[in-house]
Participant: 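The structure follows.
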Amino acid sequence: MKTKNIDFIAAPVPPHFVGNAFRVHNFIPGIPRLDMKSMDPFIMLDYNSKFNFPPTDSPRGVGVHPHKGFETVTIAYQGKVAHHDSSGGGGVIGEGEVQWMTAGNGILHKEYHDEEWSKKGGDFQMVQLWVNLPKKDKSTPPKYQALTTDNIKKVELDNKAGTVELIAGEYKGTKGAATTFSPIHMMNAKLNKGGKADFNFPAHFTTTLLVIEGSIKVNGKEEIPTDHLALMDRKGEEFQLEATEDAIVLVLSGEPLNEPIAAHGPFVMNTRDELVEAFQDFNEGKFGYLE
Ligand code: MN
């Protein structure tokens, strides 16, 4: 086994608002080195770094909009996110929980701050990741998976180093609850200061780390500060994280699909013709109905 090292560390770009609820730094594909092809199968990553929203009686959010051809994965770190979609999926997630929505052949949804949470307001922090679907699965029916504290597997690390909370894929023999259409590992490493965790993913997988809290050292060398993303190289399999202060790190590793990407706004297909068709289907109301 060879060591996997850092290829590139990205600082967060200035944030923009999605609707009035999500103040995000766009890492993928906004940063040139982190384009859709390089990050395959991860085609978009928006990170709402910790931001305080004052109390309100009308929850902030993003109104009804379509998606087709991929999956949206929303991970809440602080605050609560509510979701409703045209296939009947929906729910509210809180700290450490995940909404995994398969847009598949076309869906409408809306994303809001939870109503009760909004009344109190407070610090809000989340990630929205788009995972591309293989060509053969782009027309799969829409689906919604709620990954909550009930089904997120916790792997306790040796030496009281901390915990790995597994969303999808595998960590040291434990399997995550989310079903995926291509091989993907997704987990939050919650490390105590000085705590170490080892990871092992195939060399050719796209592997990336986002530091949500604290800071970490990779392979005892380079340090990644809070709110920074590290893209790992494809030369080795193994790496080690060490928390230089209490830390939470989102660890992602996925097998590239290596298929053509034709993306525009909320649709990600393989060809331009399929994109045109997606817009037509949406305009003709084929994605269902959502109030
Ligand atoms: Mn959306």
Side-chain angles (χ1 to χ4, degrees), residues 1-12 27 42 45 47 49-50 73 75-79 93-98 100 123 125-127 129 147-178 180 183-203 205-254:
M1 289 280 173
K2 279 189 179 166
T3 302
K4 188 186 266 304
N5 285 301
I6 295 176
D7 181 17
F8 173 65
I9 295 177
F27 280 96
F42 307 116
L45 191 153
Y47 171 49
S49 59
K50 205 178 291 173
V73 180
I75 307 167
Y77 292 96
Q78 297 210 36
I93 55 159
E95 198 179 325
E97 297 182 324
V98 181
W100 196 302
D123 281 345
Q125 191 177 19
M126 67 111 214
V127 165
L129 177 73
L147 289 309
T148 61
T149 45
D150 301 334
N151 56 4
I152 289 177
K153 301 268 175 54
K154 291 184 172 62
V155 180
E156 293 298 329
L157 299 166
D158 294 340
N159 307 315
K160 297 192 174 144
T163 313
V164 170
E165 298 188 359
L166 196 56
I167 300 162
E170 192 170 340
Y171 183 75
K172 300 208 185 277
T174 299
K175 288 203 165 93
T180 63
I184 284 166
H185 304 283
M186 186 180 302
M187 59 204 77
N188 280 303
K190 298 189 169 174
L191 302 177
N192 302 317
K193 184 179 177 179
K196 291 176 183 170
D198 297 316
F199 297 86
N200 188 331
F201 302 118
F205 276 32
T206 302
T207 301
T208 186
L209 313 169
L210 179 64
V211 180
I212 304 291
E213 293 282 350
S215 58
I216 53 161
K217 238 180 206 178
V218 178
N219 299 328
K221 294 182 285 191
E222 279 173 285
E223 188 156 336
I224 317 175
T226 314
D227 297 342
H228 284 57
L229 178 147
L231 174 63
M232 304 300 288
D233 70 23
R234 297 177 200 272
K235 293 171 189 157
E237 295 85 16
E238 293 179 328
F239 63 95
Q240 183 182 68
L241 303 185
E242 178 182 354
T244 45
E245 52 187 311
D246 288 357
I248 301 177
V249 185
L250 174 63
V251 179
L252 302 171
S253 187

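The analysis underlying the following values was restricted to heavy atoms, covering all of them including side chains, and did not include hydrogens, waters or symmetry mates. For reference, positions follow the sequence shown, starting with 1.
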Participant: Which value, rounded to the nearest 0.5 Å, describes the distance between Leu231 atom CG and Phe42 atom CZ?
Facilitator: 11.0 Å
Participant: Looking at every heavy atom in both Phe205 and Ser253, which two are closest together, and how far apart are they?
Facilitator: CB-OG, 3.4 Å
Participant: Is the backbone of Thr149 close enough, under 3.5 Å, to the side chain of Glu97 for a donor and an acceptor to pair up by distance?
Facilitator: yes
Participant: Looking at Glu223, I want to see if its CD is surrounded by more than 12 non-hydrogen atoms of other residues, nucleotides or ligands under 6.0 Å.
Facilitator: yes
Participant: Determine whether Leu129 and Ile75 make a side-chain contact, defined as any pair of heavy atoms from C-beta on separated by less than 4.5 Å.
Facilitator: no
Participant: Determine yes or no for a side-chain-to-main-chain donor-acceptor pair under 3.5 angstrom, with Lys4 supplying the side chain and Asp233 the backbone.
Facilitator: yes
Participant: Walk me through whether Asp198 and Lys172 qualify under side chain to side chain contact (heavy atoms under 4.5 Å, CB included).
Facilitator: CA-CA 9 Å; Asp198 297 316; Lys172 300 208 185 277; 3.9 Å; yes
Participant: Checking Lys217 side chain against Thr244 main chain: does a donor-acceptor pair fall under 3.5 Å?
Facilitator: no
Participant: A side-chain contact here means heavy atoms from C-beta on lying under 4.5 Å apart; do Leu209 and Met232 qualify?
Facilitator: yes
Participant: State, to 0.1 Å, how close Ile212 and Gln125 come at their nearest heavy-atom pair, and which atoms those are.
Facilitator: O-NE2, 3.1 Å
Participant: State whether a side-chain donor-acceptor pair under 3.5 Å links Arg234 with Thr207.
Facilitator: no
Participant: Side chains of Ile93 and Met126: closer than 4.5 Å at any heavy-atom pair?
Facilitator: no
Participant: Flag the pair Thr180 / Met186 as yes when at least one side-chain heavy-atom distance between them is below 4.5 Å, and no otherwise.
Facilitator: no
Participant: For the pair Thr148 and Asn151, evaluate side chain to side chain contact (heavy atoms under 4.5 Å, CB included) and give the outcome as yes or no after the intermediate values.
Facilitator: CA-CA 6 Å; Thr148 61; Asn151 56 4; 3.7 Å; yes
Participant: Using every non-hydrogen atom in the two residues, find where Asn192 and Ala243 come nearest and quote the distance to one decimal.
Facilitator: O-CB, 3.4 Å
Participant: Considering non-hydrogen atoms only, spot the tightest contact between Gly94 and Ala76 and give its length.
Facilitator: O-CB, 3.4 Å
Participant: Would you compute the distance between atom CD of Glu170 and atom NZ of Lys153 and round it to the nearest 0.5 angstrom?
Facilitator: 10.5 Å
Participant: I need the minimum non-hydrogen distance between Ala168 and Ala178, along with the two atoms involved.
Facilitator: CB-CB, 3.9 Å
Participant: Could you tell me whether a side-chain N or O of Glu237 sits under 3.5 Å from a main-chain N or O of Lys2, the two making a donor and an acceptor?
Facilitator: yes
Participant: Compare all side-chain heavy atoms of Leu252 with those of Leu210 and state whether any distance is below 4.5 angstrom.
Facilitator: no
Participant: Which pair of heavy atoms, one from Ala230 and one from Thr208, lies closest together, and at what distance?
Facilitator: O-OG1, 2.9 Å
Participant: Measuring from Tyr47:OH to Tyr77:OH, what's the distance to the nearest 0.5 Å?
Facilitator: 8.0 Å
Participant: Would you call Lys193 and Asp246 a side-chain contact if the rule is heavy atoms closer than 4.5 Å?
Facilitator: yes
Participant: Are the side chain of His228 and the backbone N or O of Ala11 linked by a donor-acceptor pair below 3.5 Å?
Facilitator: no
Participant: Nearest 0.5 Å, please: how far is CD1 in Ile184 from OG1 in Thr206?
Facilitator: 10.0 Å
Participant: Are Leu157 and Leu191 close enough that some pair of their side-chain heavy atoms sits under 4.5 Å apart?
Facilitator: yes
Participant: Which value, rounded to the nearest 0.5 Å, describes the distance between Ile152 atom CD1 and Met187 atom CE?
Facilitator: 12.0 Å
Participant: Contact between Asn188 and Val249 at the side-chain level, heavy atoms closer than 4.5 Å - yes or no?
Facilitator: no
Participant: Quick one: CG on Leu241 to CD1 on Ile216, what's the gap to the nearest 0.5 Å?
Facilitator: 4.5 Å
Participant: Is there a donor-acceptor pair under 3.5 Å between the side chain of Thr226 and the backbone N or O of Gly214?
Facilitator: yes
Participant: Determine whether a donor-acceptor pair (N or O, by modelled atom type, separation under 3.5 Å) exists between the side chain of Glu222 and the backbone of Asn5.
Facilitator: no
Participant: Angle class for the Phe199/Phe239 ring planes (parallel below 30°, perpendicular above 60°, tilted otherwise)?
Facilitator: parallel
Participant: Could you go through the side chain to side chain contact (heavy atoms under 4.5 Å, CB included) check for Trp100 and Ile167 one step at a time?
Facilitator: CA-CA 10 Å; Trp100 196 302; Ile167 300 162; 4.1 Å; yes
Participant: Pair Thr3, Glu238 - check side chain to side chain contact (heavy atoms under 4.5 Å, CB included), show working.
Facilitator: CA-CA 5 Å; Thr3 302; Glu238 293 179 328; 5.5 Å; no
